[in-house]
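To start, the structure under review is shown below, and the notes come after it.
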Amino acid sequence: MMEEVKKEERSLNFLEEIIEEDLKNGKYKSIVTRFPPEPNGYLHIGHASSICLNFGLTQKYPGYTNLRFDDTNPETEDTEYVDSIKEDIHWLGFEWKNEHYASDYFDTLYEYAIKLIKKGLAYVDDSSSEEIAAMKGTPTEPGKNSPYRGRPVDENLSLFERMKNGEFPDGSRTLRAKIDMAHINMLMRDPILYRIKHAHHHQTGDKWCIYPMYDFAHGQSDSIEQVTHSICTLEFVPHRELYDWLIEKLEIYPSHQYEFARRNINYTVTSKRKLLQLVNEKHVDGWDDPRMPTISGLRRRGYTPESIRDFCDRIGVAKRENMVDVGLLEFCVREHLNKISLRRMVVFDPLKVVITNYTGQEEILHSENNPEDEQGGTREIPFSAELYIEREDFMEIPPKKYFRLAPGQMVRLKSAYIIKCEEVVKDEAGHVTEVRCTYIPESKSGSDTSGINVKGTLHWVSVRHAITAEVRLYDRLFKVEDPTDEEGDFKEYLNSDSLQVLPCVYAEPSMKNAVAGDRYQFIRKGYFVLDKDSTSAQLVFNKTVGLKDAWAKEVKKG
Ligand code: ATP
Ligand code: MG
């Protein structure tokens with residue numbers, strides 16, 4: 001299964017090839033990468049790819065990875081996001097060398113801007129953003145020079161300082177690089193380097209009212225940190241020319257930008273801006289809603305860091321964008337949970353079974369915690385004359401080859417005895433309220449001498465001993481594979497049935513002291529995790545993923 005993409009066997013990705021070459025020919029002795037999130041939302045599964053890539057490279061090769069907050073947009077950013085990002089990277093299992101903020105470099109960037117002005121390579125433009133856009137030209141037509149392009153250096157220096165001092169209102173002026181308004185790359189047509197924004201910044205407070213643009217902060221921050229391989233997503237390919245131009249003209253450390261394909265997953269959206277809308281408009285219960293593709297949502301859903309790292313490793317690094325099947329993510333978590341989850345019995349929709357020949361009060365049975373784990377041990381399960389089984393595990397008039405419970409038929413109760421259905425009890429409306437059975441005392445699991453073979457094994461709980469819990473079942477957040485590729489607003493494609501709550505299920509008592517984050521396989525049901533909403537009075541479980549491996553089937557078919 002999936003062997004073709006197993007880690008041990010995969011060949012070097014294109015970045016590893018570049019790095020191995022750089023190390024071999026002595027260009028670098030060690031490498032520096034960085035993960036540069038903008039703190040304007042929570043990290044999502046797409047970011048996990050970038051994290052695993054950047055940190056993974058410096059685990060494999062000598063060097064280190066920095067965490068850098070790309071915080072040049074004061075209005076959309078917040079320390080809540082900074083904190084969540086750090087928590088998520090740690091949880092994924094990575095450790096950064098230095099924690100930096102682009103805003104730490106605002107003084108240096110300001111000096112860099114002055115250097116460009118002095119070299120005659122930047123000017124203050126009094127044009128409005130509309131005027132600048134109108135002069136930009138099109139991919140096939142050159143742009144027009146701004147009337148302010150020829151300003152003398154001294155005037156530019158003075159105006160830029162006054163911009164910094166807060167003398168001008170928002171949007172009234174910008175600092176632009178002086179490159180070429182006819183450049184074939186539109187981003188090289190005198191790009192804006194600084195804009196005026198009288199906004200409070202979460203790191204620098206009210207110190208600044210001019211803020212550098214992404215292009216004048218990112219590459220310079222890379223350079224200041226002496227990042228060797230600056231890895232970003234493909235939409236930044238056209239920015240590379242400007243990245244290199246600025247480094248060359250400023251005569252600073254030559255970091256290099258490399259691009260890989262953004263990862264998108266079907267039936268969800270991976271854009272912080274869109275995820276923020278879902279949160280703000282209350283389509284979901286916060287950033288960590290278990291339906292969200294955020295790291296915190298996946299964590300609350302019961303995903304393990306190992307499974308997310310495995311997923312990122314399997315999808316690898318690509319140069320062309322593609323949509324990844326969410327089934328692969330589910331496959332990865334199912335594989336891991338199978339190895340680590342404790343097995344427990346939980347009945348969702350109970351039907352009472354009375355064992356008429358069981359004379360004991362109760363008895364303690366033992367069952368394996370996890371057949372996949374030799375050290376897993378066993379747990380105690382109380383058995384008594386009154387049990388619950390799943391209503392769907394009984395049929396009064398069964399079809400052929402029905403191996404569950406039916407009048408006259410025998411089944412095994414998991415880790416307990418074989419029982420035989422003797423009588424069906426109904427209410428006045430004809431609804432089955434109880435099933436009366438006999439049990440075979442010699443058929444006890446582990447010491448079965450009955451010689452009887454049955455095909456069906458059912459999960460069950462003892463009525464008197466069961467504890468109740470709430471279970472939350474999740475489905476895809478969106479009804480279509482790519483909600484952003486459809487007509488109209490992406491939110492029109494939300495799946496209104498993505499959450500189903502079962503307020504009262506019956507669980508074996510061994511889970512009474514479960515704590516948030518504990519993971520279980522509910523036998524025959526799927527993988528579940530105890531949610532943080534749980535209290536001592538009410539346990540709440542989230543379904544992480546079902547038992548059935550739809551993805552593997554797809555792979556075989558394909
Ligand atoms: P979003 O659109 O969700 O805000 P972003 O690219 O603006 O994404 P950043 O905070 O700037 O978010 O991203 C930090 C890093 O993560 C960047 O290097 C970016 O290229 C990378 N990244 C973001 N989304 C993805 C994705 N879907 N797949 C791979 N890498 C991603
Ligand atoms: Mg961004």
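Start at 1 and go down the list; that is how both ligands and their atoms are numbered. In what follows, residues are counted from 1 in the order of the sequence shown.
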Show which atoms of ligand 1 fall inside a sub-4.0 Å distance from at least one heavy-atom site of [X].
| X | result |
| --- | --- |
| Pro37 | 10 (O), 14 (C) |
| Phe260 | 29 (C), 30 (N) |
| Arg263 | 26 (C), 27 (N), 28 (N), 29 (C) |
| Thr233 | 20 (O), 29 (C), 30 (N), 31 (C) |

Item to check | Side chain Ser255, main chain Val227, donor-acceptor under 3.5 Å | outcome: yes
Item to check | Asn98 side-chain N/O to His100 backbone N/O, donor-acceptor pair under 3.5 Å | outcome: no
Checklist entry - Out of Glu321, Glu38, Lys274, Arg262, whose heavy atom sits nearest atom 8 (O) of ligand 1? => result Arg262
Hey, does [X] come in under 3.5 Å of ligand 1, counting only N/O atoms on both sides?
| X | value |
| --- | --- |
| Arg273 | no |
| Glu235 | no |
| Arg34 | no |

Next on the checklist: I'd like to know if Asp244 and Arg240 make a salt bridge, using a cut-off of under 4.0 Å between side-chain N and carboxylate O.
Outcome noted: no
Item to check | Salt bridge Arg68-Asp222, side-chain N to carboxylate O under 4.0 Å | outcome: yes
Checklist outcome for this item: Closest heavy-atom pair, Asn66 versus Trp96, reported as atoms and distance to 0.1 Å, is C-CB, 4.2 Å
Checklist entry - At their closest point, which heavy atom of Pro290 faces which heavy atom of Tyr474, and how far apart are they? => result CG-OH, 3.3 Å
Checklist entry - Between Tyr258 and Phe14, is the gap from one ring center to the other below 6.0 Å? => result no
Next on the checklist: How about NZ on Lys118, more than 12 heavy atoms from neighbouring residues, nucleotides or ligands closer than 6.0 Å, or not?
Outcome noted: no
Next on the checklist: Side chain, backbone, both or neither: which applies to Phe35 and ligand 1 if a contact is any heavy-atom pair less than 4.0 Å apart?
Outcome noted: side chain
Checklist entry - Backbone, side chain, both or neither: what part of His44 comes under 4.0 angstrom of ligand 1, heavy atoms only? => result side chain
Checklist entry - Does ligand 1 have any atom that is closer than 4.0 Å to a heavy atom of His47? => result yes
